[in-house]
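Structure, as structure tokens:
Below, read A as the first sequence line, B as the second, and so on, with proteins coming before strands; counting in each chain starts at 1.
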2 protein chains.
Amino acid sequence: MSRNTAQREAIRTVIESAGRPLSPQEVLDAAQADVPGLGIATVYRALSAGVDEGWLQPVELTTGPTRYEPAHLSHHHHFRCNACDRVFDLEGCPGNLKKMLPPGFELDDHDIVLHGRCADCATTPGG
Amino acid sequence: MSRNTAQREAIRTVIESAGRPLSPQEVLDAAQADVPGLGIATVYRALSAGVDEGWLQPVELTTGPTRYEPAHLSHHHHFRCNACDRVFDLEGCPGNLKKMLPPGFELDDHDIVLHGRCADCATTPGG
DNA sequence: GTCGTTGCAAAGATTTTGCATTACC
DNA sequence: GGTAATGCAAAATCTTTGCAACGAC
């Protein structure tokens, strides 16, 4: 039976309120505001526990470390900003990807990652 | 000026004849048939040099290490087999991904990775 | 009090770098 | 012969694990 520690509560709150997928390091940086002594190993363990418990899902990207976001979100894809390295959720899905498969291949799942500049960075002249 | 060493020639031959993107470890395993003493560091350096020289491109996937394939291939996407861990090239592209972007976001590039079982593994009963 | 959780540090795994030696041009 | 490239091993980065101490229930 899992316990409600200050560390895990802080980690969960950070993820639920982020509005976008976070990397373990981003989770650590944000959660340390609540729990100063928090260690990165605890973050990894809490993320792993969250996935096991079902409320958290990993977001595998083509760039950088795995991010994590709440599992209650419906099917969607992701955008990574080349300037600030943040990842954002996108709505919609092109669908009909089976037509890309060679004969005999079976499709289970798919990932789509768009790259570019987020609204914040697109309006920044120098960045 | 770069030199034509047996190591780099073996590495390049392996990649050009593979027909699918290879990981550094796959390149090492295959190229060691030609150059027995080949080391992994040499593979990484040769791959990096190939990207710099323009004939090689990295394939970033949502799972596992970066793969590499020849740069002369036209726009395409990838399929990773969950059973044998190999990656295959796919033809086609859904296109019209801009409609997924939130307001103010700028699209530079995109990756699509399909997951499932390749033709070889789909017909294997137990695998 | 029990036992899941934590924080530190050490260990893995993957990729990069330092350096003396090798070998292409 | 000059110098890019190699191979080994050490380092760097990211993630996992061991273990003694802590603290939720």
ring-ring contact (aromatic ring centres under 6.0 Å, His included) with [X]: which residues, sequence neighbours excluded?
X      : result
A:H72  : none
B:F105 : A:F79, A:F88
B:H110 : B:H75, B:H77

| field | Nearest-0.5 Å distance, CE of residue A:M100 to SG of residue B:C93 | value |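 Output value for this atom pair is 6.5 Å.
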
| task | Mind grabbing the angle between the end helix axes of the helix from C:dG1-D:dC25 to C:dC25-D:dG1? Five pairs an end, 10° rounding. | result |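 End-to-end axis angle: 20°.
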
Find the distance [X]:[atom1] to [N]:[atom2] and express it as a whole number of Å.
X     : N      : atom1 : atom2 : answer
A:I40 : D:dT15 : CD1   : P     : 8 Å
B:L28 : C:dT14 : CG    : P     : 13 Å
A:Q25 : D:dT15 : CD    : C1'   : 12 Å
B:R8  : D:dG7  : CZ    : C1'   : 13 Å
A:E9  : D:dA24 : CD    : P     : 11 Å
A:I11 : C:dT5  : CD1   : C1'   : 11 Å

Might you list the N or O atoms of the protein lying below 3.5 Å from N or O atoms in nucleotides 10-14 of chain D, with each pair's distance?
none

| task | Taking the side chain as every heavy atom from C-beta outward, state whether A:L114 and A:R80 have any pair of such atoms under 4.5 Å apart. | result |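 A:L114 vs A:R80: side chains apart.
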
| message | Would you say B:D108 and A:H115 are linked by a side-chain donor-acceptor pair, where the criterion is simply a distance under 3.5 Å? | response |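 The criterion, which ignores hydrogens and geometry beyond distance, is not satisfied for B:D108 and A:H115.
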
| task | State which residues pass salt bridge (Lys or Arg N to Asp or Glu O under 4.0 Å) with A:D34; sequence neighbours excluded, sorted by chain then number. | result |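 Testing A:D34 for salt bridge (Lys or Arg N to Asp or Glu O under 4.0 Å), a comparison that skips the adjacent residues, returns none.
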
| message | Can you list, in residue-number order, the parts of residues 50-59 of chain A that come under 4.0 Å of DNA chain D, counting heavy atoms only? | response |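 Correct list: empty, so none.
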
Restricting to side chain to side chain contact (heavy atoms under 4.5 Å, CB included), what partner residues turn up for [X], sequence neighbours left out?
X     : result
A:P58 : A:V51, A:E60, A:T66, A:Y68
A:Q32 : A:L28, A:L38
B:A30 : B:V14

| said: Pair A:R67, A:D85 - check salt bridge (charged side-chain N to carboxylate O under 4.0 Å, His left out), show working. | reply: CA-CA 12 Å; A:R67 269 77 165 183; A:D85 199 40; 3.7 Å; yes

| query | Which hydrophobic side chains are connected to A:V113, either touching it within the sub-4.5 Å cutoff or through other members that do? | reply |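 A:V113 clusters with A:V59, A:L61, A:V87.
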
| request: Answer with base, sugar-phosphate or nothing: what part of the nucleic acid does B:L38 contact at a heavy-atom distance below 4.0 Å? | output: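 Sugar-phosphate: the residue B:L38, judged by heavy atoms under 4.0 Å, touches backbone atoms but no base.
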
| Neighbour count >12 (heavy atoms, 6.0 Å) for atom CD, B:E16 |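 Yes, the 6.0 Å shell around CD holds more than 12 heavy atoms from other groups.
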
Write down the protein N/O and nucleotide N/O pairs, taken from nucleotides 18-25 of chain C, whose separation is under 3.5 Å; answer none if there are no such pairs.
residue : atom : partner : partner atom : Å
C:dG18  : O6   : B:R45   : NH1          : 3.3
C:dC24  : O2   : B:R3    : NH1          : 3.1
C:dC25  : OP1  : B:N4    : N            : 2.9

